[in-house]
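Note that these values count all heavy atoms, side chains included, but never hydrogens, waters or copies made by symmetry. In what follows, residues are counted from 1 in the order of the sequence shown.
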Amino acid sequence: MAERPSLRRMRVPVGTFRGQDEAIDTVGSWSLILARPGLDPGVAERLVRAMDKARDALARATGQGKGSDPRNLAESVPAAWLNPGTARALADLAGGAQSPPSEPAR
């Protein structure tokens, strides 16, 4: 895992899959949204904020949804890989605020 910074030790919670009566320890990566270079920062920021807003619903819908928290991205992806809008939203979310996107889509 030291060679692959996007990989993490993970636990699949009991009951995530039908018939699964024990937690499963595994290696995986956080949910990522990959986009083309040059994606408008305003669009990227809105995607991150939408994921954050929906994370409770994702957690209720699926066991693995509990790990779908945009804040996990900071540990999984080198900062230089982040779209500026993603970085802006993550910095804002880390501070606890949830302000509207500061840059409109073009």
Side-chain angles (χ1 to χ4, degrees):
M1 289 191 308
E3 294 178 22
R4 305 278 185 217
S6 63
L7 294 179
R8 296 281 182 256
R9 293 186 190 282
M10 302 183 92
R11 175 168 281 187
V12 179
V14 172
T16 299
F17 302 104
R18 190 175 332 151
Q20 178 195 351
D21 57 0
E22 294 182 20
I24 301 169
D25 291 321
T26 187
V27 174
S29 64
W30 299 110
S31 299
L32 302 174
I33 296 176
L34 304 178
R36 62 177 163 69
L39 176 68
D40 181 84
V43 172
E45 185 172 356
R46 287 192 303 278
L47 282 169
V48 173
R49 291 179 187 284
M51 284 179 59
D52 185 58
K53 185 176 181 180
R55 67 189 163 103
D56 290 339
L58 288 169
R60 285 190 306 274
T62 65
Q64 65 269 29
K66 292 177 182 148
S68 294
D69 185 337
R71 292 159 189 84
N72 295 332
L73 193 59
E75 298 173 4
S76 302
V77 176
W81 293 4
L82 296 176
N83 178 289
T86 298
R88 186 171 47 243
L90 293 175
D92 190 37
L93 292 171
Q98 293 202 17
S99 58
S102 57
E103 183 174 318
R106 290 175 235 161

### Query
Can you hop from W81 to L90 via hydrophobic side chains spaced under 4.5 Å?
yes
### N83 CG to R36 CZ distance, which is reported to the nearest 0.5 Å
9.5 Å
### Message
Between R49 and D52, does any NZ, NE, NH1 or NH2 come within less than 4.0 Å of an OD or OE carboxylate oxygen?
### Response
no
### Message
To check you understand the geometry: which heavy-atom pair defines the closest contact between E45 and A89, and what is its length?
### Response
CG-CB, 3.7 Å
#### Entry: Partner set under side-chain hydrogen bond (donor to acceptor under 3.5 Å, both in side chains) for D25, not counting sequence neighbours
R11
### Task
Identify the heavy atoms of L39 and A44 that sit nearest to each other, and give their distance.
CD2-CB, 4.1 Å
### Message
Contact between T16 and I24 at the side-chain level, heavy atoms closer than 4.5 Å - yes or no?
### Response
no
